[in-house]
Number of protein chains: 2
Amino acid sequence: MARGGAEDPDHGVELLWRETGEEPRQGLSAGRIVRAAVELADAEGLEGLSMRKVAERLGFTTMSLYRHVPGREQLLDLMLDAVRGERPLPTGGDGWRARLEACARDGWELRRRHPWVAEVRGSRRLPGPNAIAYYDHMLGAVAGTGLAPAQMIAAVNLVGRFVDAEALTLVETARLERSSGVSEQEWWGARDSLYQRLDRFPTLTALWEAGGYDRPEDSFEFGLARVLDGIEALIDRQRDEMGDETSGESSGAPCRVCGRPVDRPTSGRPRVYCSRACQQRAYRRRQDG
Amino acid sequence: MARGGAEDPDHGVELLWRETGEEPRQGLSAGRIVRAAVELADAEGLEGLSMRKVAERLGFTTMSLYRHVPGREQLLDLMLDAVRGERPLPTGGDGWRARLEACARDGWELRRRHPWVAEVRGSRRLPGPNAIAYYDHMLGAVAGTGLAPAQMIAAVNLVGRFVDAEALTLVETARLERSSGVSEQEWWGARDSLYQRLDRFPTLTALWEAGGYDRPEDSFEFGLARVLDGIEALIDRQRDEMGDETSGESSGAPCRVCGRPVDRPTSGRPRVYCSRACQQRAYRRRQDG
DNA sequence: ATATCTTGTGTACACCATAAACAGAAAAGA
DNA sequence: TCTTTTCTGTTTATGGTGTACACAAGATAT
């Protein structure tokens with residue numbers, strides 16, 4: 001069997017999308033390794049997650065893991081998808097904003113329970129079924145907003161990356177607080193040698209004296225509200241433009257591919273697709289199916 | 001001399017804020033180490049930056065570096081401040097938005113020239129004079145917008161973290177492209193084993209067929225516009241509320257501490273500070289000075 | 001019974017940051 | 001000028017990482 005090693009991404013895909021449940025009575029298995037790794041990462045963070053320690057926790061040798069998991073990177077992929085499947089998809093309220101916000105808060109909650117999730121980096125991370133379901137769910141939140149397809153994707157990615165970035169800064173402080181035993185406040189509070197050099201920076205000093213650093217805004221709440229506001233502004237703007245363009249002229253059936261309104265020419269055959277791109281898409285779709 | 005080792009942050013502060021220019025004729029110095037490290041990180045990324053390689057590049061032994069720099073982490077602090085001093089502060093156009101956007105684009109450009117900047121993580125990074133000047137400059141961009149001090153700080157932090165997060169994803173793809181020799185497009189394009197499992201996800205499939213992934217939005221441009229829109233929405237909203245609250249009632253001198261409008265009571269002594277917090281601030285200021 | 005596949009083991013390698021003790025030179029003090 | 005201290009660079013050693021490779025025992029198929 002062509003069981004590709006660490007170099008073969010398709011093996012990783014098979015592992016991620018395998019039907020679970022066929023766990024052997026005894027011995028190792030991918031599922032058991034993943035569970036042990038998640039426990040370990042929960043307890044010690046991502047930098048504390050080593051193949052040696054996972055193996056020790058299971059009572060096997062280090063290299064035995066490689067019989068079931070291609071390598072550490074692929075193990076991380078499996079862990080990510082595993083924790084995403086722990087809870088059902090967030091059922092938000094009405095409207096795109098409430099639903100997208102619910103997704104963001106759910107992602108935030110996930111990273112609170114498993115802080116290492118935010119530390120897992122790298123493009124080329126293969127998504128598993130749970131990650132894709134989540135992603136699809138987020139995309140569904142902004143469907144029907146009038147945004148172009150690429151804009152929907154960008155909006156969802158923006159929210160996702162925001163949550164991730166925010167969680168990453170949080171877990172970094174937490175890690176230092178645990179490893180050093182000194183809280184963030186204490187540590188920065190003791191940096192007098194730094195503060196005494198900040199006098200000659202006017203705005204910073206003014207804000208300091210105005211108490212801006214005494215009761216800071218909640219970084220996640222503030223940022224999430226701004227990002228959603230920004231997306232809302234885009235949606236409103238485009239809806240307005242759309243209304244102006246097509247007022248009294250279009251208002252026929254929407255584009256069969258992307259659902260956006262279609263310009264209707266005053267004379268000639270009525271258009272079915274909103275753009276040449278959508279026309280091509282539909283064509284290829286007919287060819288493939 | 002109490003030359004604290006790696007455990008002493010104050011030593012790091014001294015190094016960061018030292019007057020440069022007193023470079024010895026020969027031998028090592030913090031400045032030379034930092035320059036060599038920046039060159040190395042530019043060429044090989046942050047994971048390729050090891051004390052060994054820096055020392056080799058300078059023709060000394062590994063441990064010789066520790067006579068001038070407390071450790072790798074502190075070297076990173078020094079590197080960050082060094083590259084931030086390479087170019088003058090961005091002189092944006094008029095208005096807070098143009099200036100804040102100029103800062104964001106400048107930060108983006110910095111990370112394009114030195115991709116490893118985005119990879120340097122961890123709270124408790126000591127800022128040097130250049131970093132503080134930059135931060136002060138960004139804060140100055142949103143001064144006078146009517147935002148509360150903590151909101152100004154949060155807004156600037158949001159933009160900064162956005163740029164950093166965006167740059168981080170970019171450098172991660174670049175690193176993989178270089179180490180593997182396969183471009184991101186090629187790699188994802190070869191993942192048929194993944195795509196064939198995505199049919200049962202409706203929104204994702206619809207957006208795929210609508211061409212949303214063929215011409216994606218520029219992630220940085222899209223996100224920056226949304227974030228700035230979001231901040232603008234907050235500013236506008238607060239300005240409106242402020243106008244309603246104080247119309248025909250305030251419009252006296254602004255708060256002496258933070259500059260925001262002050263509610264003027266209909267009877268009694270006119271207020272000088274906008275809030276009890278600002279009053280306390282001013283009091284402490286008088287005590288200290 | 002023989003061959004093949006699966007699973008777990010032990011060894012080995014090339015890295016990494018940095019602690020500790022040491023050696024020579026330069027500078028300061030007597 | 002002689003001695004003592006300080007500065008600067010070196011050498012050696014420790015404990016950690018992921019994983020390639022060769023090997024061995026058991027299960028399964030032919």
Side-chain angles (χ1 to χ4, degrees), chain A residues 1-8 11-12 14-15 22-33 36-37 40-41 44-79 116 119-122 179, chain B residues 1-8 11-12 14-15 18 22-33 36-37 40-41 44-79 119-122 179:
Chain A
M1 192 190 281
R3 265 220 176 210
E7 307 296 305
D8 177 20
H11 181 209
E14 274 176 34
L15 226 62
E22 357 98 12
E23 300 254 318
R25 279 258 173 268
Q26 59 188 13
L28 280 172
S29 74
R32 281 200 247 277
I33 293 173
L40 209 162
E44 301 192 24
L46 197 63
E47 71 172 2
L49 178 81
S50 73
M51 300 301 268
R52 278 171 170 72
K53 288 192 202 157
V54 174
E56 271 177 31
R57 181 173 278 252
L58 288 163
F60 289 86
T61 59
T62 309
M63 290 311 291
S64 66
L65 305 182
Y66 288 86
R67 290 288 172 201
H68 304 267
V69 162
R72 187 178 189 266
E73 288 297 299
Q74 290 78 359
L75 175 56
L76 291 177
D77 286 341
L78 290 167
M79 291 166 65
W116 50 269
E119 296 183 277
V120 178
R121 306 300 311 182
S179 72
Chain B
M1 191 191 281
R3 266 220 176 212
E7 306 296 304
D8 178 20
H11 181 210
E14 274 176 33
L15 252 129
R18 96 211 109 117
E22 357 98 11
E23 300 255 316
R25 280 257 174 268
Q26 60 188 13
L28 280 171
S29 74
R32 281 200 246 278
I33 293 173
L40 210 161
E44 302 193 24
L46 197 62
E47 69 172 3
L49 177 82
S50 72
M51 301 301 267
R52 277 196 203 347
K53 289 192 200 159
V54 173
E56 271 176 29
R57 181 173 277 251
L58 289 163
F60 290 86
T61 59
T62 309
M63 291 309 292
S64 66
L65 305 183
Y66 288 87
R67 290 287 174 204
H68 304 267
V69 162
R72 188 177 189 266
E73 288 298 299
Q74 290 80 357
L75 174 58
L76 291 177
D77 286 341
L78 290 167
M79 292 166 66
E119 296 182 278
V120 178
R121 305 300 311 183
S179 72

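Any value given below was found using the heavy atoms of this structure, including those in side chains, with hydrogens, waters and symmetry copies removed. Chain naming here is simple, since letters A, B, ... match the order of the sequence lines and numbering starts at 1 in each. Owing to the predicted nature of the structure, the values given are computational and were not obtained by experimental measurement.
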What integer distance in Å separates A/Glu73:CD from D/dG18:P? 10 Å
Rounded to whole Å, please give me the gap between CD in A/Gln74 and C1' in D/dG18. 12 Å
Side chain to side chain contact (heavy atoms under 4.5 Å, CB included) against A/Glu14, all qualifying residues, sequence neighbours excluded: B/Arg197
For the atom pair CG (A/Leu28) and NE2 (A/His68), what is the distance rounded to the nearest 0.5 Å? 4.5 Å
Roughly how many Å is it from OH in A/Tyr66 to P in D/dG18, rounded to a whole number? 6 Å
Across the strands shown, which category fits B/Leu75 at heavy-atom distances under 4.0 angstrom: base, sugar-phosphate, nothing? nothing
Give the rounded distance in Å between these two atoms: CD of A/Glu47 and P of C/dA17. 14 Å
Note down the inter-axis angle between the two ends of the helix from C/dA1-D/dT30 to C/dA30-D/dT1, five pairs each, to the nearest 10°. 10°
With a 4.5 Å limit on heavy-atom distance, are the side chains of B/Asp77 and B/Leu15 in contact? no
Flag, side chain of B/Arg121 to backbone of A/Glu119, donor-acceptor distance under 3.5 Å: no
Look up atom CD1 in B/Ile33 and atom CE in B/Met51, then write down how far apart they are to the nearest 0.5 Å. 7.5 Å
Compare every heavy atom of A/Tyr66 with every heavy atom of A/Gly71, then report the nearest pair and how far apart it is. CA-CE2, 3.9 Å
For B/Met51 and C/dC16, give me the distance from atom CE to atom P, rounded to whole Å. 12 Å
Flag side-chain contact, heavy atom, 4.5 Å: A/Met79 against A/Leu49: yes
Footprint string (nucleotides 9-14 of chain D, 5' to 3'): B base within contact, S backbone only, - free, heavy atoms under 4.0 Å: BBBB--
Name every donor-acceptor pair, under 3.5 Å, that has one atom in a side chain of residues 52-61 of chain A and the other anywhere in the protein, sequence neighbours excluded.
unit_1: A/Lys53; atom_1: NZ; unit_2: A/Glu44; atom_2: OE1; d: 3.1
unit_1: A/Lys53; atom_1: NZ; unit_2: A/Gly48; atom_2: O; d: 3.2
unit_1: A/Arg57; atom_1: NH1; unit_2: A/Glu39; atom_2: OE1; d: 2.9

How many whole angstroms separate atom CD of A/Glu44 from atom C1' of D/dT17? 14 Å
Minimum-distance pair of heavy atoms, taken over all atoms of B/His11 and B/Pro70: ND1-CG, 3.7 Å
Nearest whole angstrom, please: distance from the C1' of D/dA20 to the CZ of A/Arg72. 18 Å
